[in-house]
Amino acid sequence: GIQVEQSPPDLILQEGANSTLRCNFSDSVNNLQWFHQNPWGQLINLFYIPSGTKQNGRLSATTVATERYSLLYISSSQTTDSGVYFCAVMNSGGSNYKLTFGKGTLLTVNP
Amino acid sequence: GAVVSQHPSRVICKSGTSVKIECRSLDFQATTMFWYRQFPKQSLMLMATSNEGSKATYEQGVEKDKFLINHASLTLSTLTVTSAHPEDSSFYICSAYVTGGPEAFFGQGTRLTVV
């Protein structure tokens, strides 16, 4: 099946810093989503971005499908940004809307 | 975005008993829902695909008799952990797509502890 690798596994920032999270995938995809899992376990939808660039406030994401990677940018980080960020993809050749998750990036933003 | 609600959010049960977890799509209909399991500090692993009006499809290695799934309506899927054991303790999360939509939406998750 498709492989999803996220880097870095852990990231510690001071409040106000910027960061870039990366997601590499091993095959063509027709769905790529970024999620933030908060400390209570809830997965928050950040972006649906199988290709191109999107921005939402301090967050933006870029997916280069031909090169099989996606980047999530967090600017001016806040303590509330802490949590695990997951990238999840759906293989173009797959079926039934199954998402494969990466292992996540644990982000800690210190005040 | 669409809202998926899970209940309960936390449950503690005794070893040998069964526990039912509900997943509801609140503002849309979902012919297909998905159940994931997450161990501490690990990623989400797909357990099964729940299909309204038909049998669930289980991923390799998931015991279908242990994890019973019922998708009785277009807005409700249930996961029953039967004869629970401590090793079944985990975080269980469901998801659903708005029909024809590209994004998956997730419930709040259920933390199951078997003692």
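Below, chain A is the first sequence line, B the second, and so on; all start at residue 1. Computed from a predicted structure; not experimentally measured.
Both B/Ile93 and A/Leu106 are part of a single hydrophobic cluster, where members link through side-chain heavy atoms under 4.5 Å apart. Hydrophobic clustering (ILVMFWY, side-chain heavy atoms < 4.5 Å, transitive): A/Tyr48 and A/Leu71 are in distinct clusters. Taken together through direct or relayed side-chain contacts under 4.5 Å among Ile, Leu, Val, Met, Phe, Trp and Tyr, B/Val81 and B/Trp35 form part of one hydrophobic cluster. Clustering ILVMFWY residues whenever any of their side-chain heavy atoms sit less than 4.5 angstrom apart, transitively, puts A/Phe25 in the very cluster that holds A/Leu72. When the side chains of ILVMFWY residues are joined at heavy-atom separations under 4.5 Å, either directly or via intervening members, A/Leu59 and A/Leu32 end up in a single hydrophobic cluster.
Counting heavy atoms from C-beta outward, A/Trp40 and B/Gln108 have side chains that stay 4.5 Å or more apart. Looking only at side-chain heavy atoms (C-beta outward), A/Asn31 and B/Tyr97 come within less than 4.5 Å of each other.
Open room surrounds NE2 on B/His7; 12 or fewer heavy atoms of other groups in view lie less than 6.0 Å from it. For B/Lys64, the NZ atom is loosely surrounded, since the number of other residues' heavy atoms within 6.0 Å does not exceed 12. Surrounding CD1 of B/Ile12 are at most 12 heavy atoms belonging to other residues, nucleotides or ligands under 6.0 Å away.
Using a 4.5 Å cut-off between heavy atoms, A/Gln37 contacts chain B through its side chain alone, with no backbone atom that close. Looking at B/Leu44, both its backbone and its side chain come within 4.5 Å of chain A, counting heavy atoms on both sides. Both the backbone and the side chain of B/Glu103 come within contact range of chain A, with heavy atoms under 4.5 Å apart. Neither the backbone nor the side chain of B/Gln6 has a heavy atom closer than 4.5 Å to any heavy atom of chain A.
Across all non-hydrogen atoms, the minimal contact from A/Phe86 to B/Ser43 is CE2-OG, 3.7 Å.
Highest contact tally toward chain B, considering only A/Ala88, A/Pro50, A/Gly102, A/Gly104, is held by A/Gly102 [criterion: heavy-atom pairs under 4.5 Å]. Of the listed residues B/Ser9, B/Gly109, B/Ser95, B/Gly107, the one with more heavy-atom pairs under 4.5 angstrom with chain A than any other is B/Gly107.
Considering B/Tyr36, B/Phe105, B/Phe106 in turn, B/Phe106 is the only one that fulfils the side-chain contact (heavy atoms from CB on, under 4.5 Å) rule with A/Leu43.
Of the inter-residue distances, the one linking B/Thr49 atom OG1 with A/Lys98 atom NZ reads 5.0 Å to the nearest 0.5 angstrom.
Checking side-chain atoms of A/Gln33 against main-chain N and O of B/Ala104 turns up a donor-acceptor pair under 3.5 Å.
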